[in-house]
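Remarks on the structure that follows.
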Amino acid sequence: MSIKENLRIISNSIPEKVTLVAVSKTKPNAFIEEAYAAGQRVFGENKVQEMVEKATALPKDIQWHLIGHLQKNKVKYIAPFVSLIHGVDSFSTLKEINKQAKKQDRIIDCLLQAKIATESTKFGLNFEEIESILNSQEFLLLENIKIVGLMGMASFTENQNQVREEFKSLKMFFDKTKLTTLSMGMSGDYKLAIEEGSTMVRVGSAIFGSRL
Ligand SMILES: *Cc1c(COP(=O)(O)O)cnc(C)c1O
């Protein structure tokens, strides 16, 4: 099936209030242009250099989301144009984003990444750490970032019940924070994530085909 057709089917299957981030990592610009021609404007990348190169070459009204782990020393490269940073998992990264956003005279929207998977390899903060960031005095002083929500990745497992429970726990915590964006769900689990309250899904292979 074509990218256009995949996008149509997925867009039609998710509620209008859920934002679809088309994850284009590793895929060539031609694929992104095809999705763009079909009306898609929000794209997600997980590598800073790749995102910078694509943003330079592609239409300026694309909203670029950085979805992967972000190293502090690379924030400066995306600060001029990034639309949303999904994977913030430390206060020091948040401070660096604030510093670089200030240089650009803009406010950068961020999501804190919550650790919900049982695997030890996943990045992220536990709920207590998120609460302490949101409640800290130091956080209030960061005028050039805005934490608009949370992001989470479920365990890489066939066990749908486990994935559902992980999404559920994140949604419950999210509701207490009064934030507005909950980024959870990928190609394999976005329907489940939406059932559990996701407001933003990050879908790659179901749109662009599998990655090698
Ligand atoms: C690659 C990636 C996705 C998309 O994965 P698919 O399974 O291809 O949909 C979503 N979120 C993050 C953080 C990713 O790195």
Side-chain angles (χ1 to χ4, degrees), residues 1-14 18-28 31-32 34-35 38 40-54 62-71 74-75 78 82-90 93 97 109-125 130 148-160 162-164 166-167 170-171 174 181-212:
M1 245 187 312
S2 69
I3 290 170
K4 185 179 171 188
E5 189 63 6
N6 291 339
L7 265 175
R8 193 185 61 78
I9 290 167
I10 295 168
S11 302
N12 285 344
S13 77
I14 68 180
V18 173
T19 303
L20 174 62
V21 181
V23 177
S24 48
K25 64 189 187 193
T26 78
K27 300 298 183 186
F31 284 30
I32 299 174
E34 192 177 334
Q40 181 68 25
R41 291 294 179 272
V42 184
F43 292 88
E45 291 284 336
N46 70 337
K47 297 229 162 64
V48 165
Q49 193 184 336
E50 186 176 345
M51 189 166 91
V52 170
E53 283 168 8
K54 286 173 171 172
I62 287 179
Q63 296 163 41
W64 293 101
H65 289 198
L66 202 279
I67 59 170
H69 182 70
L70 176 59
Q71 285 172 271
K74 294 192 174 165
V75 174
I78 60 167
V82 69
S83 163
L84 179 63
I85 300 176
H86 287 236
V88 181
D89 64 357
S90 76
T93 302
I97 297 168
D109 286 349
C110 298
L111 307 178
L112 293 177
Q113 183 167 356
K115 197 205 274 295
I116 53 171
T118 47
E119 296 139 40
S120 55
T121 53
K122 296 266 158 72
F123 291 105
L125 300 155
I130 291 174
V148 296
L150 304 176
M151 180 268 218
M153 279 169 94
S155 292
F156 187 70
T157 171
E158 293 294 312
N159 184 342
Q160 298 287 294
Q162 182 181 345
V163 171
R164 187 183 289 280
E166 289 172 2
F167 286 152
L170 181 54
K171 172 66 159 83
F174 170 77
T181 301
L182 181 55
S183 167
M184 59 182 199
M186 320 192 346
S187 292
D189 56 19
Y190 72 89
K191 287 179 184 152
L192 229 164
I194 290 168
E195 284 172 19
E196 297 304 331
S198 171
T199 71
M200 184 175 276
V201 292
R202 311 175 308 271
V203 180
S205 46
I207 297 171
F208 296 110
S210 62
R211 293 175 298 274
L212 296 175

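In this chain, residues are counted from 1 in sequence order. When a ligand or atom number is given, it counts from 1 through the structure's own listing order.
Nearest heavy atoms, Ile9 versus Met1: CD1-SD, 3.6 Å. Taking every heavy atom of both residues into account, Trp64 and Glu45 meet most closely at CZ3-CG, 3.9 Å.
In this structure, the side chain of Ser155 does not engage the main chain of Thr157 through any donor-acceptor pair within 3.5 Å. Remark: the backbone N or O of Ser24 is paired with a side-chain donor or acceptor of Lys54 at under 3.5 angstrom.
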Please tabulate protein-ligand N/O pairs under 3.5 Å for ligand 1, atom names and distances to 0.1 Å.
| unit_1 | atom_1 | unit_2 | atom_2 | d |
| --- | --- | --- | --- | --- |
| ligand 1 | 8 (O) | Ser205 | N | 2.8 |
| ligand 1 | 8 (O) | Ser205 | OG | 2.9 |
| ligand 1 | 8 (O) | Arg211 | NH1 | 2.8 |
| ligand 1 | 8 (O) | Arg211 | NH2 | 3.0 |
| ligand 1 | 9 (O) | Ser187 | N | 2.9 |
| ligand 1 | 9 (O) | Ser187 | OG | 2.5 |
| ligand 1 | 9 (O) | Gly204 | N | 2.8 |
| ligand 1 | 11 (N) | Arg202 | NE | 2.8 |
| ligand 1 | 15 (O) | Lys25 | NZ | 2.7 |

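Inter-residue side-chain proximity for Asp189 and Phe167 is flagged as met; some heavy-atom pair is nearer than 4.5 Å.
Salt-bridge annotation for Lys4 and Glu34: absent, with no side-chain N of the basic residue lying under 4.0 Å from a carboxylate O of the acidic one.
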